[in-house]
Amino acid sequence: MHNQSENLYGKVALISGGAGAIGNATASKLAACGARVVIADLPGADGERIAFELRRQRLEVRACDLDLASEASVEAAIAFALRTYGRLDILDNNAAMKGLPDDRDVASMSADLWDNVMAVNARGTMLMCKHAVPAMIAAGGGSIINISSGTSLAGDVFQTAYAVSKGAINTLTRYVATQYGAQGVRCNALLVGSVLTPPMQRALPPPMRDVIEAHKLAGRLGQPQDIAEMVVFLASDRSAWITGQTWSVDGGFFAHSPTTPQFEALRA
Ligand SMILES: NC(=O)c1ccc[n+]([C@@H]2O[C@H](COP(=O)([O-])OP(=O)(O)OC[C@H]3O[C@@H](n4cnc5c(N)ncnc54)[C@H](O)[C@@H]3O)[C@@H](O)[C@H]2O)c1
């Protein structure tokens, strides 16, 4: 069934990490809006099965292997999209190395862990842009959406490598937008807040969930669909005048003073 709210007919989208929780929801939404979609993910990540399920819903979705740590693999994924559908208009850089228990504070940081996270998240995202941009220019332009994280906006006591890699993606977004805007390529980043994916549900004990929820002006944690909606908007021509920006999609987590919930509780 096709959704008419955003018209992506004729467009081809490639989504890295498309077998993951947010990626899966986004692939489905992009295809429902008329795009032909390539899910690119690590071998064994279930991309083929997800693409098959979406094709059963009469959506046009294919899958290919991708390891962001390898430039040859990145090139092959872009080539797969071009070979399969003949063009590339939308790139959703959604894959990430995340949730590593050893990614803690700086003093305990393993240099190897740091290098691996940077290689996949920052360098991998750059390589995807590097190989997608010429294809987009050949197609008359395109839209790149980099999935960043609110962790890149404020300091914390853990996830240092992950958060810094997302900070690199924020800066990369502005550079790509600046370098290829005249050739019709837009680039935006989403600063995603806590989304209730299955691993997040398992990892987040109820008291911690309550603390996060108290900071969500929208009154709840996110759902993968919340991110998919914004990706589809930024992928569509309705956002033609929007580029080079980092958009918080986080239920208002970073829109208020950190002290507000506690002060409200004291006032009550
Ligand atoms: N879930 C959240 O609360 C949250 C919050 C902030 C940001 N984000 C961001 O949203 C995006 C999607 O996250 P998610 O929660 O759906 O996670 P997820 O783990 O379900 O999906 C991530 C996907 O990336 C893939 N991946 C990992 N390493 C890869 C590599 N080297 N090459 C190719 N693919 C690789 C994984 O196989 C997986 O399918 C990520 O960029 C993440 O940082 C998520």
Side-chain angles (χ1 to χ4, degrees), residues 14-29 38-51 63-78 80 91-100 103 113 115-128 144-154 156 158-159 161-170 172-173 189-204 208-209 212-213 215-216 220-228 230-231 246-251 253-254:
L14 175 65
I15 170 162
S16 70
I22 294 172
N24 186 344
T26 305
S28 163
K29 177 80 184 168
V38 173
I39 287 176
D41 210 315
L42 287 170
D46 242 11
E48 288 288 356
R49 187 191 57 77
I50 289 165
C64 71
D65 287 345
L66 169 69
D67 180 357
L68 284 175
S70 151
E71 182 163 11
S73 175
V74 168
E75 272 190 276
I78 305 282
F80 176 87
L91 172 63
D92 182 12
N93 280 318
N94 162 83
M97 192 177 257
K98 59 194 273 281
L100 302 173
D103 184 7
L113 182 148
D115 288 347
N116 289 338
V117 171
M118 290 299 156
V120 171
N121 295 4
R123 179 177 178 269
T125 301
M126 177 278 294
L127 290 174
M128 291 292 280
I144 299 174
I145 300 106
N146 292 330
I147 304 301
S148 183
S149 163
T151 57
S152 64
L153 292 180
D156 211 329
F158 73 131
Q159 292 199 95
Y162 170 80
V164 174
S165 76
K166 294 295 191 179
I169 288 172
N170 299 348
L172 176 72
T173 299
L190 301 188
L191 305 169
V192 172
S194 311
V195 173
L196 269 181
T197 57
M200 187 76 155
Q201 266 163 343
R202 284 194 294 274
L204 206 59
M208 286 178 79
R209 183 175 163 161
I212 297 175
E213 223 157 53
H215 286 276
K216 297 287 187 197
R220 63 171 175 86
L221 273 73
Q223 295 293 334
Q225 194 63 22
D226 294 316
I227 311 308
M230 189 65 168
V231 171
T246 47
W247 301 98
S248 285
V249 185
D250 66 354
F253 188 85
F254 274 106

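As the structure lists them, so they are numbered: ligands from 1, and atoms in each ligand from 1. Remember, it's a predicted structure, so these values are computed and weren't measured experimentally.
For atom 9 (C) of ligand 1, the nearest protein heavy atom (residue, atom name, distance) is I147 CG2, 3.7 Å. Atom 44 (C) of ligand 1 has its closest protein heavy atom at I22 CD1, 3.8 Å. For atom 32 (N) of ligand 1, the nearest protein heavy atom (residue, atom name, distance) is L68 N, 2.9 Å. Scanning the protein for heavy atoms near atom 17 (O) of ligand 1, the closest one is K98 NZ, 3.1 Å. Looking only at protein heavy atoms, the nearest one to atom 33 (C) of ligand 1 is L66 O, 3.2 Å.
For the pair G193 and ligand 1, a heavy-atom separation below 4.0 Å is found. Ligand 1 has S148 within reach: a non-hydrogen atom of the residue lies less than 4.0 Å from it.
Considering both main-chain and side-chain atoms, A69 never comes within under 3.5 Å of ligand 1 through any nitrogen or oxygen pair. For ligand 1, the polar-atom distance check against V192 finds no nitrogen or oxygen pair separated by under 3.5 Å. When only interatomic distances are considered, the shortest N/O to N/O separation between V120 and ligand 1 does not fall below 3.5 Å. At under 3.5 Å, a nitrogen or oxygen of V195, whether backbone or side chain, sits near a nitrogen or oxygen of ligand 1.
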Let me see the working for D226 and R220 under salt bridge (charged side-chain N to carboxylate O under 4.0 Å, His left out), right down to the final yes or no.
CA-CA 11 Å; D226 294 316; R220 63 171 175 86; 2.8 Å; yes
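Listed for the S70 side chain is a donor-acceptor partner under 3.5 Å among the backbone atoms of S73. With hydrogens and angles ignored, the 3.5 Å screen pairs a side-chain donor or acceptor of D250 with a backbone N or O of F253. Side-chain atoms of K166 do not come within 3.5 Å of backbone N or O of L153 as any donor-acceptor pair. A donor-acceptor pair is defined here as one N or O able to donate and one able to accept, closer than 3.5 Å; such a pair exists between the side chain of D103 and the backbone of A161.
Which parts of ligand 1 touch S194 is read off a 4.0 Å heavy-atom cut-off, strictly below it: atoms 3 (O). Taking every heavy atom of Y162 and a limit of under 4.0 angstrom, the matching atoms of ligand 1 come to 6 (C), 7 (C), 8 (N), 9 (C), 42 (C), 43 (O). Counting atoms of ligand 1 from 1 in the listed order, those under 4.0 Å from a heavy atom of G17 are 23 (C), 24 (O), 25 (C), 39 (O). Contact atoms of ligand 1 toward S149: 6 (C), 7 (C) (distance under 4.0 Å to a heavy atom of the residue). Atom numbering of ligand 1 starts at 1 in the shown order; those under 4.0 Å from a heavy atom of G20 are 20 (O), 21 (O), 39 (O). When each atom of ligand 1 is checked for a heavy atom of K166 under 4.0 Å away, the hits are 40 (C), 41 (O), 42 (C), 43 (O). Residue-ligand proximity, D67 to ligand 1, at heavy-atom distances under 4.0 Å covers atoms 30 (C), 31 (N), 32 (N). Every atom of ligand 1 is numbered from 1 in the order shown, and the set under 4.0 Å from a heavy atom of N94 is 11 (C), 12 (C), 40 (C), 41 (O).
Side-chain contact check for D41 versus D65: every heavy-atom pair is 4.5 Å or farther apart. Side-chain contact check for L68 versus V74: some heavy-atom pair is nearer than 4.5 Å. Within the 4.5 Å cutoff, the side chain of V38 has heavy atoms near those of the F80 side chain. Taking the side chain as every heavy atom from C-beta outward, D92 and L14 never approach each other to under 4.5 Å. In this structure, the side chains of M97 and L100 come closer than 4.5 Å at one or more pairs of heavy atoms.
Only the side chain of T197 comes within 4.0 Å of ligand 1, judged by heavy-atom distances. Residue contacts with ligand 1, taken as heavy atom pairs separated by less than 4.0 Å, involve A21 via backbone and side-chain atoms alike.
Checking T173 against N146 by side-chain atom types alone, a donor-acceptor pair falls below 3.5 Å. Checked by atom type, the side-chain pair N94/S16 shows no donor-acceptor distance below 3.5 Å. Side-chain N/O atoms of N121 and S165 include a donor and acceptor closer than 3.5 Å. Side-chain contact annotation: T125 with N93, donor-acceptor N/O pair under 3.5 Å absent.
Closest heavy-atom approach to atom 37 (O) of ligand 1 within the set L42, V74, D41: this belongs to D41. For atom 22 (C) of ligand 1, the nearest non-hydrogen atom from the set A96, A77, P198, G99 comes from A96.
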